[in-house]
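One structure is given below, encoded as structure tokens.
Counting convention: from 1, in listed order, for ligands and their atoms alike. Nothing here was measured: the structure is a model prediction, and the numbers come from that model. Residue numbers count from 1 along this sequence.
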Amino acid sequence: MNDPFRPDLLQGKTTIVTGGGSGLGRSTALRLASLGAKVAVLGRRPEPLAETVKTIGDAGGTALAVPCDIRDPEAVRQAFDRVEAELGAANQLVNNAAGNFLCPSEDLSPNAFNSVVQIVLYGSFHCTIELGKRLIARQAKGAVVSIVTSYVTNGSAFVLPSAAAKAGVLAMMRSLAVEWATYGIRLNAVAPGPFPTDGAFSRLLPGSEMEKQALRRVPSRRFGEHWELTNLLAYLLSDASPYQTGDLVTIDGAEALFSGQQFAGFAHLDRAMAKELMASLKPRK
Ligand code: HXC
């Protein structure tokens, strides 16, 4: 497939991707670097970060691995300093790092709740504020995209810490979009539906039966492919979308809408069969 974007779409951007060593974060880092961004990947484990950086370097891109626990504001400050020294000051951020697990809420310990909220909400806060402060100080424009989820609006049973934290991240993006528009800093949230990754799928959709069930909720009848999400992120981070801020963009094959629509199940029937069924229900004259 021809690349829909110019290869220099993100030239001049220095982009921090949290959780950039694996899953969607890794795919995002690779894609942004392929479009000319200098990419710093932050995460707790050095090995996956190094692998991402090597893959980007082998493809001719520029990247830096910065081991960092984003729950610690001082570690985040030092990570931004290192990015600035080695790649140039960051002007973009993808809040991607996340933690999540399935658990009945009555069985959650305070520490279990805290472990997810610290990564998702506090981690995104520390990184976003650090970037914002630095952009404002040097009067530079910038962009932030936070990866939330398609259950950010309605919540979700059995993933309460994630649902609460991601809703907080969305509120943070929307609040700051208004507060920081005057500085030329844009903030958006993207809500992906099911995009297969080892991390999320092993924790949230263990086994092929759960995966099949998940597929039944997607009118597009397939899971997302990483390039579909990373192209959206590239667009939102690029100068092609200067007026888009404070938005929540859903990319889920209409999964979230399906779950809320009473007659949506018909979309999964063979269309000829559905038409026959509906015709049979028409009142006879
Ligand atoms: C109940 C659990 C638990 C589980 C951990 N805990 N897993 N409780 N059920 N399955 C509890 C522990 O008992 C402990 O509480 C507390 O949580 C902290 O656990 P640790 O393992 O010590 O924490 P830590 O090593 O920091 O791990 C954080 C984590 C882990 C969130 C628990 O899952 C993680 O690191 N995940 C990162 C990767 C990830 O989750 N990616 C998927 C994101 S997908 P006590 O009280 O015992 O001390 C996503 C998108 C959703 O977010 C959309 C999908 C469609």
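Between Tyr151 and ligand 1, no pair of N/O atoms sits closer than 3.5 Å. On a distance-only criterion, Lys166 and ligand 1 share no N/O pair closer than 3.5 Å. Considering backbone and side-chain N/O of Arg44, one or more are found under 3.5 Å from N/O of ligand 1. In terms of polar-atom proximity, Ser162 is not counted as a contact of ligand 1, lacking any N or O under 3.5 Å from an N or O of the ligand.
Between the side chain of Lys38 and the backbone N or O of Val83 there is no donor-acceptor pair closer than 3.5 Å.
Looking only at heavy atoms of the protein, atom 28 (C) of ligand 1 is closest to Ile119 CD1, 4.1 Å. Atom 23 (O) of ligand 1 has Ser115 CB, 4.3 Å as its closest protein atom, hydrogens excluded (heavy atom only). Distance from atom 54 (C) of ligand 1 to its nearest protein heavy atom, with residue and atom name: Leu204 CD1, 3.5 Å. Protein heavy atom closest to atom 48 (O) of ligand 1, with residue, atom name and distance, is Asn111 ND2, 2.8 Å. Nearest protein neighbour of atom 31 (C) of ligand 1, counting heavy atoms only, is Gly99 CA, 3.6 Å. Given atom 12 (C) of ligand 1, the protein heavy atom at minimum distance is Ala112 CB, 4.7 Å. The nearest protein atom to atom 37 (C) of ligand 1, hydrogens excluded, is given as Ala98 O, 3.3 Å; this is a heavy-atom distance. Ranking protein heavy atoms by distance to atom 33 (O) of ligand 1, first place goes to Arg203 NE, 3.4 Å.
There is no protein heavy atom closer than 4.0 angstrom to atom 21 (O) of ligand 1. The presence of a protein heavy atom under 4.0 Å from atom 44 (S) of ligand 1 is confirmed. Atom 7 (N) of ligand 1 is approached by the protein to below 4.0 angstrom, counting heavy atoms only.
A continuous path of ILVMFWY side-chain contacts below 4.5 Å connects Tyr235 to Phe195, so both sit in one hydrophobic cluster.
Annotation: Phe5, atom CZ; neighbour count of heavy atoms from other residues, nucleotides and ligands within 6.0 Å is above 12. Atom CZ of Arg138 is surrounded by more than 12 heavy atoms from other residues, nucleotides or ligands within 6.0 Å. Other residues, nucleotides and ligands place more than 12 heavy atoms under 6.0 Å from the CD atom of Glu106. Within a 6.0 Å sphere centred on CG of Asp198, other residues, nucleotides and ligands contribute 12 heavy atoms or fewer. Within a 6.0 Å radius of CZ in Phe101, more than 12 heavy atoms belonging to other residues, nucleotides or ligands are found. The neighbour count for Arg6 CZ, taken as heavy atoms of other residues, nucleotides or ligands under 6.0 Å away, does not exceed 12.
Among Phe223, Phe101, Phe113, the residue whose heavy atom sits closest to atom 2 (C) of ligand 1 is Phe101. Among Asp107, Thr197, Asn100, Asn96, the residue whose heavy atom sits closest to atom 40 (O) of ligand 1 is Asn100.
In this model, a donor atom of one side chain and an acceptor atom of the other lie less than 3.5 Å apart for Thr55 and Glu51. Judged purely by distance below 3.5 Å, without hydrogens or angles, the side chains of Arg31 and Thr28 never pair a donor atom with an acceptor atom.
Of the heavy atoms in Cys103, only side-chain atoms (C-beta onward) come closer than 4.0 Å to ligand 1. Only the side chain of Ser109 comes within 4.0 Å of ligand 1, judged by heavy-atom distances.
Here the side chains of Val190 and Leu248 are not in contact, with every heavy-atom distance at 4.5 Å or above.
Using a cut-off of 4.0 Å between Lys/Arg side-chain N and Asp/Glu carboxylate O, Asp72 and Arg44 are scored as not salt-bridged.
Under a 4.0 angstrom heavy-atom cut-off, Arg71 registers as being in contact with ligand 1.
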